[in-house]
There are 2 protein chains.
Amino acid sequence: MDARTDKPRTRIQIRNRETILDAALEVFSQYGFRGATVDMIADAAGLSKPNLLYYFPSKEEIHVTLLSQLMDTWLDPLRALDAEGDPVEEILAYARRKLEMSRDFPRESRLFANEIVQGAPRIGASLSTELKALVDDKARVIAGWSAAGRIAEVDPHHLIFSIWALTQHYADFDVQVRAVLGPARDPLREAEVFLDSLFRRLLLP
Amino acid sequence: MDARTDKPRTRIQIRNRETILDAALEVFSQYGFRGATVDMIADAAGLSKPNLLYYFPSKEEIHVTLLSQLMDTWLDPLRALDAEGDPVEEILAYARRKLEMSRDFPRESRLFANEIVQGAPRIGASLSTELKALVDDKARVIAGWSAAGRIAEVDPHHLIFSIWALTQHYADFDVQVRAVLGPARDPLREAEVFLDSLFRRLLLP
DNA sequence: TTTCTTTTTGACCAAACGGTCAAGACCACG
DNA sequence: CGTGGTCTTGACCGTTTGGTCAAAAAGAAA
């Protein structure tokens with residue numbers, strides 16, 4: 001029975017695959033795909049390299065597994081945007097959820113950023129299908145709110161981009177933000193207040 | 001005479017160092033430091049590997065040269081923010097200049113993004129000195145405008161972060177933006193309009 | 001216990017990598 | 001032309017890297 005091809009069956013397989021993916025997330029998000037080595041991941045996971053390769057057939061397979069698991073949960077906040085809710089509050093809540101993800105899952109954010117900055121060689125396809133479909137759908141909802149005069153007139157796609165840019169910035173550029181603000185301040189708490197008022201001013205009709 | 005230590009003297013040295021730095025910018029910005037190989041840079045520059053290493057002593061030296069050249073020009077738009085000018089127009093002009101840099105120098109933006117996302121291992125020091133000093137200085141200017149009621153009350157540091165995030169997003173996440181918008185649209189022209197109105201709404205008292 | 005499967009590992013390999021070196025090609029200048 | 005410095009290169013080296021393999025260790029089930 002090959003632990004690398006079939007779904008994990010034993011408790012040891014489940015535990016070790018989880019350990020490996022967590023270690024790989026740590027290493028990949030910090031050094032990028034090519035900057036990370038199998039040895040680094042194995043060390044971080046507390047396993048020997050051959051043992052790690054018993055659970056995943058290759059370094060690339062680990063990376064792909066991480067990315068596809070990520071894409072799934074990464075878009076949940078946008079999926080939750082409710083066409084029936086109050087427009088301004090829905091959009092603000094979306095921005096707030098995205099900012100929470102920057103705070104709670106900065107490694108995931110940086111893994112994604114690394115992939116996109118380098119041209120999305122491994123997930124490019126799903127961007128123009130899966131992601132585009134979802135964004136287009138929600139953009140239509142926002143455009144409807146605009147047309148009905150319930151929020152100001154804004155390009156819905158760029159509104160969504162601005163939420164991504166502003167929230168992910170606090171995870172992806174964390175070092176820079178902290179270097180500039182100095183040690184006494186709390187970037188993500190401040191960002192919550194700032195972004196809330198920014199999007200409120202932008203959206204109020 | 002060592003072409004690697006002294007300032008370039010001959011025309012050939014000047015030309016080849018320029019060619020190499022341009023090729024290295026292309027490769028580093030696409031693959032990151034560890035993802036780039038000396039052979040890739042040499043190929044892109046049309047030189048043999050030993051010949052390239054005749055002009056720069058190491059791969060790291062090329063990278064450092066690029067980054068320090070970049071830091072210099074990267075902050076020019078912010079330096080140009082004039083305390084004596086019209087507050088809203090000054091800030092809008094800054095955002096516009098930054099967006100132009102995303103359009104005209106996307107490789108530089110991605111080189112920087114790669115460095116920061118991975119924890120700024122090579123320029124971390126100058127972030128908390130050079131960069132922080134400049135930002136703090138300009139933040140004081142903006143705070144003055146706020147206090148005088150000439151723009152709305154905003155946290156000046158986070159205002160600057162928001163300009164960075166929103167403008168660099170269009171260079172760093174270019175693939176994603178284009179994948180979502182589809183082929184018929186012009187992201188950077190649209191962004192200009194969108195950001196202009198966003199910051200206008202945010203800043204008007 | 002015995003037997004069978006799953007898990008772990010030390011030793012190893014081929015390719016890729018950053019970098020060196022000695023020697024040849026080229027070029028400016030007298 | 002010749003001569004001295006600049007530029008270029010093929011061959012090479014030690015290390016790192018992703019990955020393999022046979023065999024040993026550890027579990028599971030009877």
Side-chain angles (χ1 to χ4, degrees), chain A residues 1-28 30-67 114 118 121-122, chain B residues 1-28 30-67 114 118 121-122:
Chain A
M1 184 57 54
D2 192 342
R4 298 173 299 174
T5 54
D6 296 67
K7 295 288 154 200
R9 315 198 154 238
T10 74
R11 291 154 211 164
I12 296 180
Q13 277 177 34
I14 292 170
R15 173 171 51 84
N16 279 351
R17 282 183 63 105
E18 266 173 21
T19 308
I20 290 168
L21 286 176
D22 187 73
L25 175 60
E26 187 75 30
V27 176
F28 280 137
Q30 191 170 356
Y31 300 99
F33 178 74
R34 299 251 348 222
T37 73
V38 178
D39 278 299
M40 290 166 79
I41 301 171
D43 280 356
L47 299 174
S48 67
K49 181 167 64 170
N51 197 10
L52 182 147
L53 290 165
Y54 170 74
Y55 292 100
F56 288 90
S58 70
K59 175 184 168 184
E60 178 140 7
E61 197 67 26
I62 304 175
H63 195 240
V64 167
T65 303
L66 276 177
L67 280 176
N114 263 306
Q118 305 195 359
R122 284 161 237 276
Chain B
M1 185 55 54
D2 193 341
R4 297 173 300 173
T5 54
D6 296 68
K7 296 287 154 199
R9 315 199 154 238
T10 74
R11 290 153 212 165
I12 297 180
Q13 278 178 32
I14 292 169
R15 172 171 51 84
N16 279 351
R17 282 182 63 104
E18 267 173 21
T19 308
I20 290 168
L21 287 175
D22 187 74
L25 176 59
E26 187 75 31
V27 176
F28 280 137
Q30 193 170 355
Y31 300 99
F33 179 74
R34 298 252 348 223
T37 73
V38 178
D39 278 298
M40 291 165 79
I41 300 172
D43 280 357
L47 299 174
S48 68
K49 182 168 64 170
N51 198 11
L52 182 146
L53 289 165
Y54 171 72
Y55 292 99
F56 288 89
S58 70
K59 174 185 170 185
E60 178 139 7
E61 197 66 28
I62 305 175
H63 196 241
V64 168
T65 304
L66 277 176
L67 279 176
N114 262 305
Q118 305 196 0
R122 284 161 237 279

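Here is the naming used below: chain letters follow the sequence lines, and residue numbers restart at 1 for every chain.
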Compare side-chain N and O positions of B/Arg11 against OP1 and OP2 of D/dT6 and report whether any pair is under 4.0 Å apart. no

Pick out which of B/Asp43, B/Ile62, B/Ile41 makes a side-chain contact (heavy atoms from CB on, under 4.5 Å) with B/Val27. B/Ile41

Rounded to the nearest 0.5 Å, how far apart are CG of A/Asn16 and CZ of A/Arg11? 14.0 Å

Give a yes/no answer on whether the side chain of B/Asn16 brings an N or O atom under 4.0 Å of OP1 or OP2 in D/dT8. yes

At under 4.0 Å between heavy atoms, what does A/Ala36 touch on the DNA or RNA strands: base, sugar-phosphate, or nothing? sugar-phosphate

The side chain of A/Thr10 is closest to which nucleotide in this list: C/dG19, D/dG18, C/dT7? C/dT7

Could you state the atom-to-atom distance from CG of A/Asp39 to P of C/dG10 in whole Å? 13 Å

Rounded to whole Å, CZ of B/Arg15 lies from C1' of D/dT8 at a distance of 12 Å

Can you spot which of B/Arg34, B/Met40, B/His63 makes a side-chain contact (heavy atoms from CB on, under 4.5 Å) with B/Phe28? B/His63

Between atom CZ in A/Arg17 and atom P in C/dT7, what is the gap in whole Å? 12 Å

Supply the atom-to-atom distance B/Gln118 CD to A/Asn114 CG, rounded to the nearest 0.5 angstrom. 5.0 Å

Between P of C/dT7 and CD1 of A/Ile14, the distance in whole Å: 10 Å

Taken to the nearest whole Å, CG/B/Leu52 to P/D/dT6 is 19 Å

Between atom CG of A/Leu53 and atom NZ of A/Lys59, what is the distance when rounded to the nearest 0.5 Å? 11.5 Å

Looking at A/Asn51, I'd like to know whether one of its side-chain N or O atoms comes within less than 4.0 Å of OP1 or OP2 on C/dG10. no

Residue-phosphate contact under 4.0 Å: A/Tyr54 side-chain N/O, C/dT7 OP1/OP2: yes

Considering only heavy side-chain atoms of A/Ser48, the closest of D/dG19, D/dT6, C/dT9 is C/dT9

Taking OP1 and OP2 of D/dT16, is either one under 4.0 Å from a side-chain nitrogen or oxygen of A/Thr37? no

Mark yes or no for a side-chain to base donor-acceptor pair under 3.5 Å between B/Lys59 and C/dG19, with no hydrogen or angle criteria applied. no

Among C/dT6, C/dG19, D/dT20, find the nucleotide with the atom closest to the side chain of B/Leu53. C/dG19

Assert: residue with more 5' nearest nucleotide on DNA chain C, out of A/Leu47 and B/Pro50, is A/Leu47

Roughly how far, to the nearest 0.5 Å, is the OH atom of B/Tyr55 from the CD1 atom of B/Ile12? 6.0 Å

Tell me the interatomic distance from B/Glu61, atom CD, to C/dT20, atom P, rounded to whole angstroms. 12 Å

What is the distance, to the nearest angstrom, from the OH atom on A/Tyr55 to the C1' atom on D/dG19? 17 Å

So which heavy atom on B/Glu61 is nearest to which on B/Thr65, and how close? O-OG1, 2.7 Å

Enter the inter-axis angle for the ends of the helix from C/dT1-D/dA30 to C/dG30-D/dC1 (five pairs per end, rounded to 10°). 10°

For D/dC7, does either OP1 or OP2 sit under 4.0 Å from a side-chain N or O belonging to B/Gln13? yes

Would you kindly give the CZ-to-P distance between A/Arg34 and C/dG18, to the nearest whole Å? 8 Å

Separation between OG1 (B/Thr19) and CD1 (B/Ile14), nearest 0.5 Å, reads 11.5 Å

